Colleague: 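Let me begin by handing over the structure; questions about it come next.
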Amino acid sequence: MAAIETTPSNLTTSALPGLGRTLVMAGKLDQTYAEEIFRMAQAKRSSFIAELTGSGAVSASDLAHTLSKAFAAPLIDLDAVNPQQLPKGLLDSKICQDYRLVVLGKRQNRLIVATADPSDQQSAEKIKFSTQQNVDWVIAEYDKLLKLVSTSSASAAETIDTIIGDDFEFDDLVSEASSDTSAVATSEVDDAPVVKFLHKMLVDAFTMRASDLHFEPYEHNYRVRFRIDGELREIASPPIAIKDKLASRIKVISKMDISEKRVPQDGKMKLKIGADRVIDFRVSTLPTLFGEKIVIRILDPSSAKLGIDALGYEPVEKERLMQAINRPYGMILVTGPTGSGKTVSLYTCLNLLNKPGVNIATAEDPSEINLPGVNQVNVNEKAGLTFAVALKSFLRQDPDIIMVGEIRDLETADIAIKAAQTGHLVLSTLHTNDAPTTLTRMRNMGIAPFNIASSVILITAQRLARRLCPLCKKPIDIPEKTLRDAGFQPEELDGSWQPYHPVGCSACNNGYKGRVGLYQVMPITEEIQRIILRDGSALEIAEQARREGVHSLRDAGLHKVRMGVTSLEEVLAVTNE
């Protein structure tokens, strides 16, 4: 093949995808030409193999024969395959569509899958993660494979049926208000595929350690996404025709008004996992242009019982927090954006304080974690049960410890501060960026400096950063200037530690698995009290806190980078200083 004139390339053979490297080494493709095709594919946002066969550089037949020899994999002529006789339900149809795959059969714990690109490790890992089975590749011609993938797509009803299994029981889903679901099951039995699909999504979300499920209707499509380790991932694209039935099913189970589609609603439901495991879900609906978007939050009570060490506190931070929660009175504030783990931190503290001789009361909107031994109250604005009303009632119930879900207004703040000043330990949350700005935020709410200084004993600001997968993380060389710009001190760059970056494998989510907390734990010392009393700024408070050894959120993140727990890019994205 004649070489094509191109501009000088800064790519290397290793920068090419596996398919390109294989063809170059087999002598079927010039490296310069392969790099040019790779750049064209990236520019068009198409796959390398599509651009390769479409450009005529290598025919689909020649490509298949070359790969069959290179990978010692059998070759199949898909013209001889009857789409109607292909096995159903062995692999999610969306994976087949996304990666251009056809499942030919199963042998013990291995799937036999036809592909045009056996070098694609991502598709193999996706199959293994989805099915917990290994893959035996069979090579097929790309054009024939595209045709078969298209013609073997199932109908809408079949798609749902292949996603779910036959082990579903209607009473696995129970409403929050009642465990008797026979009437619900009877009314919905005609929509069994929709019911099974919902059950499958809930179980999968729990299995994949998701925190939320998003059911999102659009004009021409419907998608389901899971939030896993803080990132939304598209999981399924069911037929748009099921959106109303699916919304109705969720609303019935969650004890919402099934006829009301014009205003947002909130509810709860439960799911039985096995004989003695029940998972709680918080449900929220929102009317959109093309139907109701539904978000389901998974509430896992076990998260509050992991212990303070599992949250990621450093020894010094843990010591400061333990000293504060063991004081008889005062206010402890946990701050951070939505989804930063504030509730888990609060309940971890409550779990440590939850003893037979202690009276604990909480007011939340709504209660997310059920903790036996704690008197939990759900705020109900419509009924007049606000945070302020609940707090006033608590003070007449002889409490030792009070937890307020969130301080939203001056009235709630005043009552909480008075409780902290009169012999009660008060825990609550605020939405602020870091610990020092929390104090000025309270001042802006109208709280007198004296009341802030005399009641608040500790403030914890926090974020959640994704943990690097221990199985696939790899060392990376980062320029010293980049590390200094991120916040590392010159003495820290002594070569005694190694930064890592995410890679991705079948056991993780794009190189990350789980999350770890980044904390700024700031005790209110006498010096900080003096700054508050003279109405000092957040910058003055932050400077004094740093002099007293309080690290910023960025510093906490950089320490996790040094420990190899997370990556530098993750810390920069999460702390954003």
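In this text the structure is predicted, and so the values were computed from the model without any measurement.
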Colleague: Got a donor-acceptor contact below 3.5 angstrom from the N375 side chain to the I360 backbone?
Modeller: yes
Colleague: Would you say the side-chain atoms of S119 and T22 include a donor-acceptor pair closer than 3.5 Å?
Modeller: no
Colleague: Looking at L371, is its backbone amide N or carbonyl O close enough to the side chain of Q376 to form a donor-acceptor pair, meaning the two atoms are under 3.5 Å apart?
Modeller: yes
Colleague: Among all residues two or more places apart in sequence or in another chain, which pass the ring-ring contact (aromatic ring centres under 6.0 Å, His included) test with Y519?
Modeller: Y313
Colleague: Going by distance alone, is a donor N or O of one side chain under 3.5 Å from an acceptor N or O of the other, for Y512 and R467?
Modeller: no
Colleague: Is there a donor-acceptor pair closer than 3.5 Å between any side-chain N or O of Q498 and the backbone N or O of I476?
Modeller: yes
Colleague: Check D229 with K513, please: is the shortest side-chain N to carboxylate O separation under 4.0 Å?
Modeller: no
Colleague: Could you tell me whether E231 and R466 make a salt bridge, using a distance below 4.0 angstrom between a side-chain N and a carboxylate O?
Modeller: yes
Colleague: Is any NZ, NE, NH1 or NH2 atom of the basic residue among D280 and K270 found under 4.0 Å from an Asp or Glu carboxylate oxygen of the other?
Modeller: yes
Colleague: Between the main-chain N or O of V521 and the side-chain N or O of R320, is there a donor-acceptor pair closer than 3.5 Å?
Modeller: yes
Colleague: Determine whether a donor-acceptor pair (N or O, by modelled atom type, separation under 3.5 Å) exists between the side chain of E411 and the backbone of A388.
Modeller: no
Colleague: Quick check: does any side chain N or O of N451 sit under 3.5 Å from a backbone N or O of I447, one acting as donor and the other as acceptor?
Modeller: no
Colleague: Not counting sequence neighbours, which residues clear salt bridge (charged side-chain N to carboxylate O under 4.0 Å, His left out) with K293? List them please.
Modeller: E216
Colleague: Check whether any side-chain N or O of T575 sits under 3.5 Å from a backbone N or O of R554 as a donor-acceptor pair, and report yes or no.
Modeller: no
Colleague: Assess the side chains of T566 and Y500: does a donor N or O sit below 3.5 Å from an acceptor N or O?
Modeller: no
Colleague: With a 4.0 Å cut-off on N to O distance, would you call R546 and D555 a salt bridge?
Modeller: yes
Colleague: Using the rule given for salt bridge (Lys or Arg N to Asp or Glu O under 4.0 Å), can you reason through E527 versus R530, listing the C-alpha separation, both sets of side-chain angles and the distance that settles it, and then say yes or no?
Modeller: CA-CA 5 Å; E527 287 298 324; R530 292 190 183 97; 2.7 Å; yes
Colleague: Do you know which two heavy atoms are closest between L464 and S340, and how far apart they sit?
Modeller: CG-O, 3.4 Å
Colleague: Can you give me the closest heavy-atom contact between S254 and V283, atom names plus distance?
Modeller: OG-CG2, 3.3 Å
Colleague: Has the side chain of D400 got a donor or acceptor atom that lies under 3.5 Å from a matching backbone atom of N359?
Modeller: yes
Colleague: Taking K418 first and then D414, would you say they form a salt bridge - that is, a charged N and a carboxylate O separated by under 4.0 Å?
Modeller: no
Colleague: So E234 and V224, do their side chains get closer than 4.5 Å, heavy atoms only?
Modeller: no
Colleague: Is any side-chain N of the basic residue among R408 and D365 closer than 4.0 Å to the acidic one's carboxylate O?
Modeller: yes
Colleague: Does a side chain donor of either T460 or Q462 reach within less than 3.5 Å of an acceptor in the other side chain?
Modeller: no
Colleague: Would you confirm whether N109, through its side chain, and Q133, through its main-chain N or O, come within 3.5 Å as a donor-acceptor pair?
Modeller: no
Colleague: Any side-chain to backbone donor/acceptor pair from H214 onto V295? Under 3.5 Å, distance only.
Modeller: no
Colleague: I'd like to know if the side chain of T412 pairs up with that of D409 as donor and acceptor (distance under 3.5 Å, no hydrogens or angles considered).
Modeller: yes
Colleague: Checking side chain to side chain contact (heavy atoms under 4.5 Å, CB included) against R463, which of L553, V571, V516 comes through?
Modeller: L553
Colleague: Check T386 against E381 and note the closest heavy-atom contact, atom names and distance.
Modeller: CG2-OE1, 3.3 Å
Colleague: Indicate whether the side chain of T437 and that of D434 have a donor and an acceptor atom separated by less than 3.5 Å.
Modeller: yes
Colleague: What's the shortest heavy-atom distance between W497 and E492, and which atoms?
Modeller: NE1-O, 2.7 Å
Colleague: Any salt bridge linking D266 with R282? Criterion: basic side-chain nitrogen under 4.0 Å from a carboxylate oxygen.
Modeller: no
Colleague: Might you point out which heavy atoms bring V334 and K342 nearest each other, and give the distance in Å?
Modeller: O-CD, 3.6 Å
Colleague: Can K560 and E314 be counted as an ion pair, charged N to O under 4.0 angstrom?
Modeller: yes
Colleague: For a salt bridge (Lys or Arg N to Asp or Glu O under 4.0 Å) check, start with the C-alpha distance between D212 and R297, then their side-chain angles and the critical distance, and finish with the verdict.
Modeller: CA-CA 4 Å; D212 302 87; R297 166 69 59 87; 2.5 Å; yes
Colleague: Does any donor atom in the side chain of Q544 or E548 lie under 3.5 Å from an acceptor atom in the other side chain?
Modeller: yes
Colleague: Return the set of residues passing salt bridge (charged side-chain N to carboxylate O under 4.0 Å, His left out) with E319 (not counting sequence neighbours), or none when no residue passes.
Modeller: none
Colleague: Nearest heavy-atom pair of G405 and S428: which atoms, and what distance?
Modeller: C-OG, 4.4 Å
